[in-house]
Amino acid sequence: MRMTLADMYNTPDERNLLDTMKQGIIGKPLDRPEGPLKVTGTATYSAEYKLDGCVEGVLVLADIPQGTVSTIHRDDVVAMPGVLAVLADEAMVRRSTQGTSGKAPAQDVQTVDYFAQPVALVVAETFEQAREAALALKIEYEGAGNPVPFDPESADAEVETPSDSKPVKGGDLEQAMRDAAFAIDVDYDTPGHASAAMEPHATIAEWQDDRLILRGSYQMLAFNVKEIADCLSISPKKVRIIAPYVGGGFGSKLGITHEAVAAAIAAKELGRPVRVVMTRQQVFQTVMRRSETRQRVRLAADAAGKLIGLGHEALVSNLPDEDFAEPVTQATEFLYGGENRLLKVEVARICRMTAGSVRAPGEAVGMQVLEAAMDELAEKAGLDPVELRKRNLPAKVPVEGTPYSSRMLVEALEQGAAQLGWDRRKPSPCQTREGDWWIGMGVASAARVNVMIPAEARVTLNADGTALVETDQTDIGTGTYAILGQIAGEMLGLPISKVRVVLGDTSLPAGAGSGGSFGAISTGSAVMRACEAIRKKLGKKLGCEGDALEITDGMASHGEKQCSLIDLLDGEDMAEIGSIKPGKTFKDFSQASYGAFFAEVGVHAFTGEVRVRRMTGAFGFGRVLNAKTARSQCLGGMVWGIGSALTEELAFDMRDGHLVNHDLAEYHVPVHADVPALDVILLEERDAAASPLQAKGVGELGICGAAGAIANAVYNACGVRVRSFPLTLDKIIPHLPDPFVSPA
Amino acid sequence: MKAFALDHATSAQGAIHALQHGGTVIAGGTNLVDLMKLQIAAPDRVISIRRTELGEMALDGEGLRIGALVTNADCAADMRVREHWPLLAKAILAGASPQLRNRATTGGNLCQRTRCGYFYDTTQACNKRDPGAGCAARSGFNRIHAVLGTSDSCIATYPGDMAVAMLALDAVVLTEGPSGPREIPIAAFHRMPGDDPSRDNVLEAGELITAVRLPAPTGGIQLYRKVRDRASYAFALVSVAVDVTMDQGRIARCALAFGSLGTVPWRDPAVEQVLIGEEPSAALFAKAANVLLKDAKGLGANDFKIPLAARALAATLNEATQAGKA
């Protein structure tokens with residue numbers, strides 16, 4: 001279906017249709033319909049399809065950082081048992097694709113851009129044969145002509161302003177810093193992160209004549225089809241992707257990755273289906289990293305603690321020629337006041353795996369630093385950190401002057417504070433000791449931009465009174481099946497048991513895909529519009545406008561008139577495609593989800609170990625579509641916030657840029673014991689500018705600032721301000737007070 | 001992974017026979033299988049000892065004899081261990097996960113190989129994996145590496161917890177091999193790297209661990225303090241095993257062992273001598289730490305282990321001596 005202007009979201013839909021519906025299921029904490037399949041192991045994930053004649057491919061990674069493949073000693077390996085092919089096709093990709101690119105990334109694997117770049121694929125009858133052969137494959141290289149440095153701080157690293165990142169400048173920040181009653185000028189750094197999705201990247205490729213079918217693990221299928229087609233120089237119409245269940249993505253599956261392209265090429269070459277599953281180590285080494293950042297934050301406040309100036313400058317890194325640069329200052333643009341400002345991001349060109357989107361690109365690392373710096377300002381100004389934030393919420397976005405569509409930051413701060421018992425916080429550090437532990441509390445604001453992506457969905461009201469929702473939208477563990485069913489059920493007046501949702505197949509209308517917190521509001525709005533179109537037709541049959549129609553449990557009514565849907569349909573299915581595209585509301589309003597984190601931590605007085613004891617997040621993100629899945633998104637974000645604050649760090653060896661901790665044993669995501677009982681408060685809000693659903697994105701909000709609250713709590717506990725994330729104990733112990741001395 | 005033959009030995013003697021003919025013994029396989037996937041170990045013939053008689057636990061004279069096949073889970077849950085050698089149970093429970101402990105065995109755990117990232121990454125130089133290749137860890141990312149007992153050829157730690165407790169408890173490793181049975185005090189079991197880091201311990205070719213014997217209980221206060229980057233499921237940055245007996249406010253007896261600090265589980269009698277007969281105090285603990293760490297050498301990223309060990313020692317001794325006084 002062709003997009004028309006009418007699909008564009010140009011004016012806020014103030015009708016608030018969902019609140020006028022009568023079914024009463026929208027927002028309810030309903031279970032995921034696919035939950036039982038997942039917990040019983042009967043939901044089929046990408047690598048689990050059984051295809052006749054399917055053989056196994058294993059990627060071979062470069063063991064040099066830069067250079068060119070000169071010789072591949074294929075013959076030694078082809079003679080090994082079961083080995084069918086050694087491929088190093090020009091169409092194979094040496095980098096993973098950035099999200100929403102829709103085209104092939106850098107190809108020709110013979111040129112090595114970074115350590116552990118895939119350079120070949122070995123295919124054999126069994127996985128073990130392929131893996132042994134891949135290990136045995138000898139590859140010779142020629143050195144690189146112009147070596148790119150490994151360290152973004154290296155003097156040799158070329159530093160650029162990214163093409164899509166315009167610095168924000170207003171007034172005179174230097175002067176504001178001089179005029180300030182209280183000023184903070186601090187440097188922080190954050191490390192690289194891995195997405196570490198539970199399901200590794202995996203693809204089974206199968207050709208049916210000139211048509212390619214991929215069963216794989218991807219986030220944005222409509223884009224992925226174009227990307228794989230561009231890699232293979234075929235029409236996107238010839239590609240079908242099937243991905244009904246995706247075991248987490250966090251950005252790493254936004255674009256097509258090495259294994260998908262290699263599997264497609266191998267399947268073509270061999271005339272058999274080929275499965276390529278990346279090992280955990282390969283996922284860590286090749287897919288996508290969050291860039292490390294160095295951030296300078298300048299805060300200039302007047303005597304009342306109101307910001308008169310704000311500076312946020314960041315250095316991030318990526319491979320040469322990559323457009324993506326971690327948009328560190330994205331939320332700083334609109335969160336706090338201070339008309340005198342300078343916000344900018346620069347990117348250092350280095351030789352490491354591709355940097356790209358990892359959950360909440362920009363805010364995840366930008367907010368945690370901004371919020372830690374705000375804590376420093378609060379201390380300097382002698383203000384409660386909650387009060388400092390409340391004093392600095394501008395009426396309009398500084399410099400550009402855009403109004404906010406909605407913002408429940410004050411409510412989040414107040415409710416979160418009450419939940420954690422913020423009034424018991426001691427204003428200065430080292431005041432509370434329990435046994436060997438210093439105890440402290442910290443706060444941070446949460447903010448994440450609201451994004452919409454063009455989306456379509458088909459809804460069919462079947463003659464039997466059930467409904468079917470179809471789109472290629474993915475569910476990456478987030479609850480898409482649940483919420484799309486709820487939207488359709490609410491709009492069509494059906495109990496959830498009468499609505500079926502089919503996802504993750506590119507033969508269906510193109511949804512937004514999962515990423516950037518946009519899946520729910522984009523594809524959800526398309527579902528809603530399809531339902532509106534159906535309601536209009538139903539209304540006509542009953543003799544009223546669609547908006548005036550009341551439907552509950554399959555019974556439609558208007559005034560005195562009443563008729564069951566089954567009777568109205570009279571044996572005919574009714575199918576409509578709904579679509580939406582971001583329009584003027586995204587220019588007319590600053591749109592973001594907001595919230596606040598409150599953390600209580602213990603810091604061991606001897607060893608500097610930090611343990612989060614309690615944590616509360618309060619969030620306002622427009623309409624809550626499903627209180628259970630939304631809460632889970634927030635919980636997951638906060639868990640990653642704990643990891644960002646305390647444990648997670650990609651460790652690169654600066655001599656060759658190789659990743660040292662490329663598995664889950666040494667890349668430390670939080671385990672259960674690191675995560676206390678977390679409280680999540682969902683604030684009811686409606687935002688007509690954000691989407692016809694009145695909802696905003698929530699998928700990433702829970703991480704955006706969370707680590708800042710923990711770092712601030714660490715300072716409040718033990719008086720140690722660590723400006724380098726994660727706050728591992730080695731950074732804390734040199735500054736701890738004498739453990740044998742009790743608090744004054 | 002290379003194709004391999006798997007045989008089952010039905011007795012210790014059968015396993016030893018197979019070992020002498022080029023087999024590699026597998027018990028729980030929690031470490032060996034990882035190594036085989038990466039082809040750091042690539043045995044042609046693997047001998048499972050899971051059907052042998054080595055899984056028994058019995059009181060043996062004054063002490064406890066723990067068969068080589070007793071799983072970490074069973075050992076830590078054993079009422080005799082929990083009551084009389086609680087240090088061992090605490091150390092085991094501080095390691096790995098329930099799933100791994102259900103599988104990992106006493107003998108296998110003693111032979112656990114290092115977690116050095118350069119050892120596991122076959123693109124990197126490692127003398128332990130490939131003698132003579134060099135050590136990429138020395139000037140690489142060496143945050144988890146040893147500060148005691150290192151050599152120019154290797155700085156990798158023994159990563160486990162169980163052996164650290166056994167070292168403080170004066171355990172004895174019982175083996176059988178071509179030259180008959182041996183009793184190896186655990187302090188002499190693990191090898192410092194010197195110029196041959198490829199051998200982690202003193203087991204000879206064809207020699208099999210049959211059991212570990214714990215001597216009579218000391219009756220002391222026993223604590224195992226594992227300091228790590230997250231609360232669970234991480235190898236120690238430094239761990240401290242303490243067994244201390246107090247008498248009239250003074251330390252009457254004490255045994256101390258340290259994990260992830262040295263290239264082997266670390267015990268230094270001179271540290272214990274500093275403490276014995278003294279009243280516990282911050283100054284005394286600092287004095288003991290100075291003796292422990294006088295030869296410690298950091299390589300940059302692991303420098304923090306030196307003050308951390310001193311702090312962990314102070315914390316653990318403080319807790320144990322206060323409990324001992326009560």
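Here is the naming used below: chain letters follow the sequence lines, and residue numbers restart at 1 for every chain. Side chains are part of it too, since the values below use all heavy atoms of this structure and drop only hydrogens, waters and symmetry mates.
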Given heavy-atom pairs under 4.5 angstrom as the criterion, report whether the side chain, backbone, both or neither of B:Ser139 touches chain A. both

Chain B contact via A:Ala130 - side chain, backbone, both or neither, heavy atoms under 4.5 Å: neither

Might you confirm whether atom NZ of B:Lys2 has over 12 heavy atoms from other residues, nucleotides or ligands at distances under 6.0 Å? no

Are the side chain of A:Arg655 and the backbone N or O of B:Ala136 linked by a donor-acceptor pair below 3.5 Å? yes

Students often mix this up, so state it plainly: with edges at 30° and 60°, are the rings of B:Phe285 and A:Phe740 parallel, tilted or perpendicular? tilted

Output for pair (B:Asn318 CG, A:Phe606 CZ), nearest 0.5 Å, gives 4.5 Å

Hey, does B:Tyr120 have a side-chain heavy atom less than 4.5 Å from the side chain of A:Asp663? no

Quick check: closest heavy atoms across B:Ala3 and A:Glu132, and the distance to 0.1 Å? N-OE1, 4.2 Å

Do B:Tyr118 and A:Asp653 meet the criterion of a side-chain donor-acceptor pair at a distance under 3.5 Å? yes

Taking atom NZ of B:Lys297 as the centre, report whether more than 12 heavy atoms of other residues, nucleotides or ligands fall under 6.0 Å from it. no

Does atom OH of A:Tyr141 have more than 12 heavy-atom neighbours from other groups under 6.0 Å away? yes

For A:Asp730 and B:Arg143: C-alpha separation, side-chain torsions, deciding distance, then whether salt bridge (Lys or Arg N to Asp or Glu O under 4.0 Å) applies. CA-CA 10 Å; A:Asp730 47 306; B:Arg143 184 169 179 272; 2.9 Å; yes

In B:Arg225, B:Arg228, B:Arg311, the residue satisfying salt bridge (Lys or Arg N to Asp or Glu O under 4.0 Å) with A:Glu609 is B:Arg225

For the pair A:Asn661 and B:Phe141, evaluate side chain to side chain contact (heavy atoms under 4.5 Å, CB included) and give the outcome as yes or no after the intermediate values. CA-CA 9 Å; A:Asn661 56 344; B:Phe141 185 76; 6.0 Å; no

Once rounded to the nearest 0.5 Å, what's the spacing between atom CG of B:Asp229 and atom CD of A:Glu649? 9.0 Å

Work out which heavy atom in A:Leu729 is nearest to a heavy atom in B:Val227; give both atom names and the distance. CD2-CG1, 3.5 Å

Spacing of CZ belonging to A:Phe115 relative to CG belonging to B:Asp121, to within rounding of 0.5 Å: 6.0 Å

Verify the distance criterion only: is there a donor paired with an acceptor across the side chains of B:Gln124 and A:Asp63 at less than 3.5 Å? no

Would you check, one step at a time, whether the test side chain to side chain contact (heavy atoms under 4.5 Å, CB included) holds for B:Phe235 with A:Glu666? CA-CA 9 Å; B:Phe235 291 92; A:Glu666 296 299 334; 3.9 Å; yes

Would you find a donor on one side and an acceptor on the other, under 3.5 Å apart, between the side chain of B:Arg230 and the backbone of A:Thr647? no

Heavy-atom contact with chain B under 4.5 Å, split by part of A:Glu128: both

Rounded distance (nearest 0.5 Å) linking atom CG of A:Asp656 with atom OG1 of B:Thr123: 7.0 Å

Proximity breakdown for A:Val669 and chain B, heavy-atom pairs closer than 4.5 Å: both

Which atoms of B:Lys305 come close to chain A, meaning under 4.5 Å heavy atom to heavy atom: side chain ones, backbone ones, both, or neither? neither

Step by step, would you call A:Arg131 with B:Gln39 a side chain to side chain contact (heavy atoms under 4.5 Å, CB included)? CA-CA 10 Å; A:Arg131 180 157 61 168; B:Gln39 289 185 209; 5.7 Å; no

For A:Leu61, which atoms come within 4.5 Å of any heavy atom of chain B: side chain, backbone, both, or neither? neither

Name the region of A:His658, side chain, backbone, both or neither, that has any atom closer than 4.5 Å to a heavy atom of chain B. side chain

Rounded at 0.5 Å granularity, tell me how far CG in A:Leu135 sits from OG1 in B:Thr122. 6.0 Å

